Amino acid sequence: MKYMEARDAGGKLKRETLQSVAPWARSVIVCAINYNTAQPYSTQVSDPERGWISRYAWSRQDYHEAVMRRLRMVESKLRVVATEATIALETRCYVDTGPVVERVYAKYAGIGWIGKNTCILSQKLGSWLFLGVILTSLELEPDLPAPDRCGTCTRCIDACPTNAFLGPYRLDATRCISYLTIEKRGTIPGEMRHGMGRHVFGCDICQDVCPWNRKAPATTAQEFEPREGLVNPALEWLAQMSAEEFREKFRGSPVRRAKRSGIRRNAVSAMGNSGNRGFLSTLEELKKDEDPVVADHARWARETIGGSDA
Ligand code: SF4
Ligand code: SF4
C-alpha cells in the first residue's frame with residue numbers, strides 16, 4: 001500500500017490534494033456500481049472445510065476493467081457535450097489506483113456516507129460498491145453530501161475478529177484481515193493468525209453485519225458474478241494449488257495480488273483455524289513444502305488443530 005504514501009517533489013502527500021497531479025481539475029465526477037451478487041454472506045456459512053474470499057474478488061472480470069469501461073463511456077459523453085459547446089476539456093479516470101481517496105469524493109458527491117467501518121454506504125444499495133472517479137476541468141455544480149446514518153450502531157466494530165478498529169471511523173489497516181491476507185508478504189505474525197479465521201483473501205465481516213446490507217439488492221452486472229469454486233472455496237484445493245492452476249483460475253482476478261504463495265499460506269492458516277482434523281494428513285505433507293512460508297504456517301496449523309498425532 002506504498003502508493004498511499006507517495007509524495008510529490010515538494011514532499012506533500014499526493015493523495016492530499018489534486019493540485020499536484022491535476023492542477024487543471026475543477027470537478028470530480030464519482031461513479032458507483034453495485035457488485036453484490038445473490039450469494040451468502042461470510043457470516044452465514046460455517047463449513048470447516050471451506051474458507052472465504054472477499055465478495056469483490058470473486059468476479060469473472062477484474063473490477064478495475066469493469067468500472068473503467070463504464071467510466072470511459074461517461075467520459076466520451078462529456079467529450080461530445082464539450083465539443084458541441086466548444087469548451088476545452090481535460091479529463092482523467094481512476095479506479096482505485098490514482099492519487100485520489102475515492103470514498104471521500106463519493107461522500108461529497110452524495111453517493112453515501114462513510115460508515116464507522118470506513119466503507120461508503122448508500123441508503124439504497126448498502127456498501128457493496130465499486131467506485132471510480134473522473135477528474136474534469138469542467139466547473140460542475142456540486143451535489144450535497146449524504147448524511148451519516150450509522151447512528152448509535154457499532155455492529156461492525158464489535159464484530160471485527162482482529163480488533164482492527166481504533167474506534168468509530170478509524171481503522172488500523174495493519175490489523176485488518178484484508179491487509180494480512182492480501183498485502184502482507186512472508187509469514188503472518190503468530191498473534192494475528194487466530195483472528196484471521198478461515199479468511200483466504202480479504203474479509204467482509206464488517207460489511208456483512210451492517211444493517212444497511214441486510215437488504216442490499218443484487219447487481220445486474222454479469223461481470224461480477226462469481227467464478228466457479230470461489231464462493232466459500234475448498235481450503236485443501238487452495239492450499240495445494242499448482243502454479244499452473246493458480247494462473248488459470250485467477251487470470252485477470254484481483255486475487256493475483258496476494259500471489260500463489262500468499263493464497264496457499266492463507267489457506268493453510270485457515271485450515272489451522274478450522275479445527276478440522278480431516279486436514280491433519282495434508283498439513284503433515286505441507287510441513288515439508290518447498291515454500292518455507294507455507295511450511296511454517298503448516299506447522300502452526302497442525303499444532304493449532306492439535307491432538308495426539310499433531
Ligand atoms: S475487513 Fe474484517 S478484519 Fe478488516 S476491519 Fe472489517 S471486520 Fe475487521
Ligand atoms: S454496522 Fe452500523 S456502525 Fe457499522 S457501518 Fe453499518 S450502520 Fe454504521
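Both counts, for ligands and for their atoms, begin at 1 and track the order of listing. As the structure is a prediction and not an experimental result, all values here were calculated from the model.
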If you draw the axis of the six-membered ring of Trp128, does the NZ or CZ of Arg55 fall within 45° of it and under 6.0 Å from the ring centre? yes
Selection residues 197-209 - residue pairs positive for side-chain hydrogen bond (donor to acceptor under 3.5 Å, both in side chains), sequence neighbours left out: Ser42-Asp208, Trp52-Asp204, Ser54-Asp204, Ser127-Gln207
Please could you name the atoms of ligand 1 that [X] approaches to less than 4.0 Å, counting only its heavy atoms?
X: Phe165; answer: 5 (S)
X: Thr162; answer: 3 (S)
X: Leu171; answer: 5 (S)

Applying a heavy-atom cut-off of 4.0 Å, say which part of Ile177 lies close to ligand 1: side chain, backbone, both or neither. both
Side chain or backbone of Asp204 under 4.0 Å from ligand 1, or both, or neither, by non-hydrogen atoms? neither
Please list, chain by chain and in numerical order, all residues satisfying side-chain contact (heavy atoms from CB on, under 4.5 Å) with Leu140, sequence neighbours excluded. Ser27, Ile29, Thr136, Leu138
Identify, with sequence neighbours excluded, every residue that meets side-chain contact (heavy atoms from CB on, under 4.5 Å) alongside Cys93. Met68, Leu71, Arg72, Glu75, Ile134
Can you tell me the protein heavy atom closest to [atom] and the distance?
atom: atom 6 (Fe) of ligand 1; result: Cys206 SG, 2.4 Å
atom: atom 8 (Fe) of ligand 1; result: Cys160 SG, 2.3 Å
atom: atom 2 (Fe) of ligand 1; result: Cys203 SG, 2.3 Å
atom: atom 4 (Fe) of ligand 1; result: Cys176 SG, 2.4 Å

Ion pair check, Asp296 and Arg193, cut-off under 4.0 Å: yes
Salt-bridge test for Glu244 and Arg260: reply yes if a basic N is under 4.0 Å from a carboxylate O, no otherwise. no
For the residue pair Phe130 and Tyr63, categorise the inter-ring angle as parallel (less than 30°), tilted (30 to 60°) or perpendicular (more than 60°). parallel
Under 6.0 Å from the CZ atom of Arg170, do we count more than 12 heavy atoms belonging to anything else shown? no
Taking side chain as C-beta onward, heavy atoms only, is Phe224 less than 4.5 Å from Ile33? yes
For atom 8 (Fe) of ligand 2, report each protein N, O or S atom nearer than 2.8 Å, sorted by chain and then by residue number. Cys150 SG
In Å and rounded to the nearest 0.5 Å, what is the CZ to CG distance from Arg155 to Asn117? 13.0 Å
